[in-house]
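Accompanying notes for the structure given below.
Note that the numbering runs from 1 along the sequence shown for the chain. Only this structure's heavy atoms are used, side chains among them; waters, hydrogens and symmetry mates stay out. Counting starts at 1 for both ligands and their atoms, following the listed order.
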Amino acid sequence: MSTSRAGAGWSPFLTIVVVLTCIGLVTSVPMLYRQHERSREALSTSARTSGWHAYQTQLEVVKAIGAIELALVDPSASRLSDARLRLAILRSRLPLLNRTEGNGALPGIERWREDLVAFGRMLDSYLDSGGLEAPAPGIRAALEAVRADLDAVQSTVQEIERAWITYQIGLHERELDIAENPKVLPGALLILSGLMLIIFLLVETVRGRRRLRAMTAAEEEAASARQNMRALIEATPALIVVYDPETLKISFINSFALALIHPSPDHQDWERFVATARSALPACSVDAPWGAFSFQRSDGTLLALRGRTRPLVWEDRDQCALILGDTTQLRDAEYQILQAAKLSTLGEMASAIAHEINQPLTVIRMAAANSRRLLENGDAPALAAKLSRIDQQVERAKRIIDQVRRYGRKPSLRSERFPLARTIDLAISFVAEQLRMANIRFVMDIDLPEDLVVEGEQTLFEQVIVNLLLNAKDAFEMQADEGAARERTITIRARVEADRIRIEVLDRAGGIPEAIIGEVFEPFTTTKPDDKGTGLGLSLSRNIVRKMSGDISVLNVDGGACFTIDLPKARRSLDDKVVA
Ligand code: ADP
């Protein structure tokens, strides 16, 4: 999947920066260009105007000097008037030359500013004094003085003009420079922005291609992953059924499931299957625990299934997948072992059962002999009493035989709700005679409501209790020497605690040997001789209790073993169909 991340290094932030820089560069180029042109224009206009003023002033100085010279030669009224006029014109020029701001200001004029002001005042004094008004005797001397002052003005104005010329030459050189290297900066900026744009476009194109390639690769990868998953699901030896949790419409059934439930996905069995699984298993979720249930196929056979429901995205939709293992064979094998264990218990109990049946038979025999005698004597009322006694004893024998038959029958494959207190009673009555014969006292401390039901297979649960009681009896027998001193008592205690039920079977037969207490529920753990123990009783008991969503544990307490069974109450109370 590494390709899908290609190009991730070029962040959107960088893209924005590049685009903004390009826009900035492109817009700044014409602005710079325009500004450059404007300042050049302004500069040359200003230089030209200021140069013009300097030149005009110079001209006026020359003209004024000429007029003064002429007046010196011929100091007539008209010459004097000309001279005054020239001086006035020169005077009017000086402020233009002396400007320091605005268009036409001469660069560096500040240097001569004071001189020019002084010249202005001087000219004003000549013009205002009236000394040059009329040909008078001292006129020549006055004109000479003006002539001398004008020389100073001329040399200053010449200096100004020279400075202007130097500036003009510099300006010209700069213009030439600019003309030779036209628009270097804007050009460079344009090239730079163009380059950046090209790089940006190239990078974008490469990124786009990579993205496209990554997307195509990801799509191909996803498609192949989907294909692989489908192939895997098809090939897996588990039942997999995908359905919509809203509509319960099935969208996929793998071949294993088709072979096991029904080959046609449209068959109504499938609807029933999903409904059964949904009601038996914990709700569809990522961490849904495992659950088990049975399903009856249309041919009547009962499948045992174990698994869970998990959410998954299938065909681009959120759906649920039933993932189940077929545990039918395991269940059958387990039931066969259970049956064998039960039959072995029955075998062990044969002498006790025979002894129990023998008792009513002996009573019947005696009652029959007595009946014959009473018949001969014609004592009808006593005869009737004897016959009813026979009847009672037959009933007692029948009860014992029924118990044996019921215990020996194969367990049903279905889980049902059954009354707990009565089932414990049945188990106890089944071994009571044996315990009595072994001289073991039995204490029942059962506090359960009559209508309390649990869910499971009744005869199997009965077998759990029988196992625990017979194990306790065996423990007393194995501890014969020490046990003589102990109280030979087995206590069975049962209580409801909130929504759980707790059943304890305690004895005082020395407890479980420390060496095996940790693995006493593992198969084939036994301390009994080969012909007596298989080591399967407790392991089967644990399986039975766990299938009922409960658990069994053991502790050594008070010189004996205490087995505790913890069970949940059935989800529904005792109502329509409960095993009698
Ligand atoms: P088995 O009875 O065939 O040996 P179990 O699984 O029923 O198989 O019991 C395993 C072992 O646990 C027994 O062999 C015995 O050593 C020990 N055990 C079970 N119940 C008791 C008990 N009440 N007191 C002492 N030991 C016990």
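Contact check for Leu460 versus Tyr335: side-chain heavy atoms found under the 4.5 Å cut-off. A 4.5 Å side-chain heavy-atom check between Arg317 and Asp244 finds at least one atom pair inside the cut-off. Between Ile517 and Glu514, the closest side-chain pair of non-hydrogen atoms falls below 4.5 Å.
Using a 4.0 Å cut-off to heavy atoms of Thr526, the atoms of ligand 1 that qualify are 1 (P), 4 (O), 14 (O). Residue-ligand proximity, Gly533 to ligand 1, at heavy-atom distances under 4.0 Å covers atoms 3 (O). Listed by number with element, the atoms of ligand 1 under 4.0 angstrom from any heavy atom of Ala475 are 22 (C), 24 (N), 25 (C). Below 4.0 Å from some heavy atom of Gly537 lie the following atoms of ligand 1, by number and element: 5 (P), 6 (O), 7 (O), 8 (O).
Residue contact annotation: Ile516 has a non-hydrogen atom under 4.0 Å from ligand 1. Distances from ligand 1 to the non-hydrogen atoms of Ala472 include at least one value under 4.0 Å.
Looking only at protein heavy atoms, the nearest one to atom 10 (C) of ligand 1 is Thr525 O, 3.0 Å. Protein heavy atom at the shortest distance from atom 12 (O) of ligand 1 is Val520 CG2, 3.2 Å. With hydrogens left out, the protein atom closest to atom 1 (P) of ligand 1 is Gly535 N, 3.6 Å, a heavy atom. The shortest contact between atom 18 (N) of ligand 1 and any protein heavy atom is with Ile512 CD1, 3.7 Å. Looking at atom 7 (O) of ligand 1, its nearest protein heavy atom turns out to be Asn471 ND2, 2.9 Å. Here the protein heavy atom with the shortest distance to atom 16 (O) of ligand 1 is Thr527 OG1, 2.4 Å. Protein heavy atom at the shortest distance from atom 2 (O) of ligand 1 is Lys528 NZ, 2.6 Å. Protein heavy atom closest to atom 25 (C) of ligand 1, with residue, atom name and distance, is Gly511 O, 3.3 Å.
Residues Glu315 and Ser251 have side chains that never bring a donor and an acceptor to within less than 3.5 angstrom of each other. Under the 3.5 Å distance criterion, with hydrogens and angles disregarded, a donor-acceptor pair is assigned to the side chains of Glu234 and Ser255. Using modelled atom types and a 3.5 Å distance limit, the side chains of Asp266 and Ser264 yield no donor-acceptor pair. Neither side chain, Ser294 nor Gln296, offers a donor N or O lying under 3.5 Å from an acceptor on the other. For the residue pair Thr327 / Arg331, no side-chain donor-acceptor distance below 3.5 Å is found, with atom types taken as modelled.
The backbone N or O of Arg502 lies less than 3.5 Å from no partner atom in the side chain of Arg493, so there is not a single donor-acceptor pair. With hydrogens and angles disregarded, no donor-acceptor distance shorter than 3.5 Å links the side chain of Arg542 to the backbone of Glu522.
In terms of polar-atom proximity, defined here as any N/O pair under 3.5 Å, Phe563 makes no such contact with ligand 1.
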*Assess whether side-chain contact (heavy atoms from CB on, under 4.5 Å) is satisfied between Lys547 and Glu334, documenting all intermediate values.*
CA-CA 12 Å; Lys547 272 196 186 127; Glu334 210 172 67; 2.5 Å; yes
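The closest heavy-atom contact to atom 5 (P) of ligand 1, among the options Thr534, Leu470, Leu538, comes from Leu538.
Counting heavy atoms closer than 4.0 Å to ligand 1, residue Asp507 contributes side-chain atoms (C-beta onward) but none from N, CA, C or O.
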